[in-house]
Amino acid sequence: MMAPEASELGLDLRILAESPEVCAAAVVPTAPVGDYRDLDALRRFALGVDVVTFDHEHVPSEHLHALLSEGVNVQPGPAALIHAQDKIEMRRAVERLGLPNPEWAAVRSPEELTEFGERAGWPVVLKTPRGGYDGKGVMIVERKDAAGEAVAEWFEAARAAGVDDGALLAEEKVAFSRELSALVARRPSGEARAWDVVESIQVDSVCDEIIAPAPGLSPETADAAREAALTIARELGVTGVMAAELFEVPGRGPGFVVNELAMRPHNSGHWTMDGSVTSQFEQHLRAVLDLPLGSTERTAEATVMKNYLGGSNPDLFSAYPAAMAAHPGAKVHTYGKGVRPGRKVGHVNVTGPADDVERLRAEAAGAAGIIRDGAPRGAAGDHPWNRSEQ
Ligand code: ADP
């Protein structure tokens, strides 16, 4: 989704594609195929570019250090990025900065896990420090299961992976009221800007909906959350867009604890495509190129973003007539990915007045639902394209 913004700015965007079929390759003319875990592929790709940046966090840190030492401009640099790659490193940094963490510990055995659970309370949230996403790599462990097979397997895998000294991350299970996200962007020369803090609604550990700004969030908590994200970005030397995912816990500290960090345009920032003067994709490009950042002002009082995951409709376009006819205010963003159940394949944004958020949510959910599930037969907007005689 950086491609349209790069094109608007007249930038020559290249991507290192995992295969010729990846959706970005359809919109970026220069998309050499290569493995992001292969240093030589990265070296070839980086030849002659002004800056290398990311749309995921999985490029090995040691490769990024190698590129950096060879003079490649990597933004964000590996020393910052490690805090989005490794949740134990992130916990240490948040603690060092004096920002609110849940109770946590790096644990290396079921015994250490049990010790932590006795101290922090059960159940415990056990996480693989690296490589997790969308809830993969998160296990809720009850006291009776701490010495069980599933936990033992995770410790074994952690030892085999050989990172973090074979440790897993144990966290208290936070009794949060909702999840929030504080999105910021920072340039290498220091300028930083924050968007409004948003509410992030997850279904089965996958982001489902974003409400911007987070309804009813106390101004003190909103300010503290924005400040925390800006502090993290500044102190860790983050460049580009960064999302600080937060758990809202009213009455505890500033009203939130940090969950995790992402250093790239993030699902919780997709609303900015239609709800902010500068979208997170444009801002990321500006930031990594060390250009002055754009305004993060909202263009509407409120924006709702609703994801659509692969569902019962394999042909998303067939539902467009019905979705567009029923919800003309919905801005549709389809990623051009193959439709697989549970895969994020697009989102819609709906903007409007802050006192009408429930209508915006209904509009967004309505449009996304039609695209995901297909138009009901005879729906408004039933289109000749969709009729079998065509
Ligand atoms: P991922 O990297 O897969 O996104 P997260 O660390 O964000 O993993 O965890 C996924 C989800 O699990 C969170 O969105 C939240 O709902 C729940 N979760 C994670 N950590 C905790 C915690 N310490 N306490 C309570 N719930 C948690």
Side-chain angles (χ1 to χ4, degrees), residues 83-84 90 93-95 97-102 174-186 191-202 207-236 238 240-280 283-284 287 293-306 349-361 364:
H83 302 94
M90 178 273 297
V94 170
E95 191 162 293
L97 296 173
L99 296 169
N101 260 335
V174 179
F176 56 83
S177 47
R178 57 180 167 168
E179 300 194 40
L180 304 171
S181 177
L183 194 75
V184 298
R186 183 176 173 276
E191 187 197 5
R193 285 182 188 251
W195 282 271
D196 283 296
V197 176
V198 302
E199 176 174 349
S200 161
I201 299 169
Q202 316 275 316
C207 176
D208 178 59
E209 188 182 1
I210 295 291
I211 309 176
L217 185 64
S218 84
E220 295 76 27
T221 299
D223 282 350
R226 261 195 308 271
E227 273 313 308
L230 289 167
T231 300
I232 291 169
R234 185 181 65 244
E235 297 300 321
L236 301 185
V238 178
V241 166
M242 185 196 83
E245 295 182 54
L246 312 171
F247 295 139
E248 184 187 39
V249 195
R252 175 168 165 176
F256 63 86
V257 296
V258 175
N259 176 28
E260 67 169 339
L261 304 176
M263 293 180 195
R264 55 180 162 78
H266 187 249
N267 202 164
S268 68
H270 287 358
W271 70 275
T272 60
M273 295 170 83
D274 299 297
S276 167
V277 172
T278 311
S279 83
Q280 63 166 348
Q283 198 79 302
H284 187 74
L293 299 180
S295 163
T296 50
E297 288 289 300
R298 276 178 278 126
T299 52
E301 283 180 0
T303 302
V304 172
M305 189 272 339
K306 178 85 175 175
N349 286 333
V350 178
T351 56
D355 62 4
D356 213 7
V357 162
E358 288 311 314
R359 181 184 61 79
L360 306 183
R361 296 184 67 188

Colleague: Are Val357 and Ile211 side-chain neighbours, meaning at least one heavy-atom pair lies under 4.5 Å?
Modeller: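 Val357 reaches Ile211 side chain to side chain.
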Colleague: How about CD on Glu297, more than 12 heavy atoms from neighbouring residues, nucleotides or ligands closer than 6.0 Å, or not?
Modeller: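 No.
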Colleague: Taking atom types as modelled and ignoring hydrogens, do the side chains of Trp195 and Ser276 form a donor-acceptor contact shorter than 3.5 angstrom?
Modeller: yes
Colleague: What verdict does the side chain to side chain contact (heavy atoms under 4.5 Å, CB included) test give for Thr296 and Gln283, after you've listed the backbone C-alpha separation in whole Å, the side-chain angles of each residue and the deciding distance to 0.1 Å?
Modeller: CA-CA 9 Å; Thr296 50; Gln283 198 79 302; 3.6 Å; yes
Colleague: For Thr303, does its backbone N or O pair with a side-chain atom of Asn349 as donor and acceptor, under 3.5 Å?
Modeller: no
Colleague: Got a donor-acceptor contact below 3.5 angstrom from the Arg298 side chain to the Glu301 backbone?
Modeller: yes
Colleague: For the atom pair CZ (Arg193) and CG (Leu183), what is the distance rounded to the nearest 0.5 Å?
Modeller: 13.5 Å
Colleague: Does Ser279 use its side chain to pair, donor to acceptor, with the backbone of Thr272 at less than 3.5 Å?
Modeller: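 Between the backbone of Thr272 and the side chain of Ser279 there is no qualifying donor-acceptor contact (under 3.5 Å).
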Colleague: With no hydrogens and no angle check, is any side-chain donor or acceptor of Arg186 less than 3.5 Å from a backbone partner on Val238?
Modeller: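 The answer is yes, because a donor-acceptor pair under 3.5 Å joins these two groups.
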Colleague: Using modelled atom types only, decide if a donor and an acceptor are shared between the side chain of Thr231 and the backbone of Glu227 within a distance under 3.5 Å.
Modeller: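 Between the backbone of Glu227 and the side chain of Thr231 there is a qualifying donor-acceptor contact (under 3.5 Å).
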Colleague: Decide yes or no for Met242 and His266: does some side-chain heavy atom of the first lie under 4.5 Å from some side-chain heavy atom of the second?
Modeller: no
Colleague: Could you tell me whether the side chain of His284 and the main chain of Gly240 form a donor-acceptor pair under 3.5 Å?
Modeller: no
Colleague: Does Leu246 offer a backbone N or O that forms a donor-acceptor pair with the side chain of Ser181 under 3.5 Å?
Modeller: no
Colleague: Given Cys207 and Gln202, is the side chain to side chain contact (heavy atoms under 4.5 Å, CB included) satisfied, shown in steps?
Modeller: CA-CA 4 Å; Cys207 176; Gln202 316 275 316; 4.1 Å; yes
Colleague: Ion pair present between Arg361 and Glu209, side-chain N to carboxylate O less than 4.0 angstrom?
Modeller: yes
Colleague: As an exercise, state the distance from CZ of Phe256 to CG of Leu180, rounded to the nearest 0.5 Å.
Modeller: 9.0 Å
Colleague: For the residue pair Ser177 and Glu248, confirm or rule out a side-chain donor-acceptor distance under 3.5 Å.
Modeller: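 A donor-acceptor contact under 3.5 Å links the two side chains.
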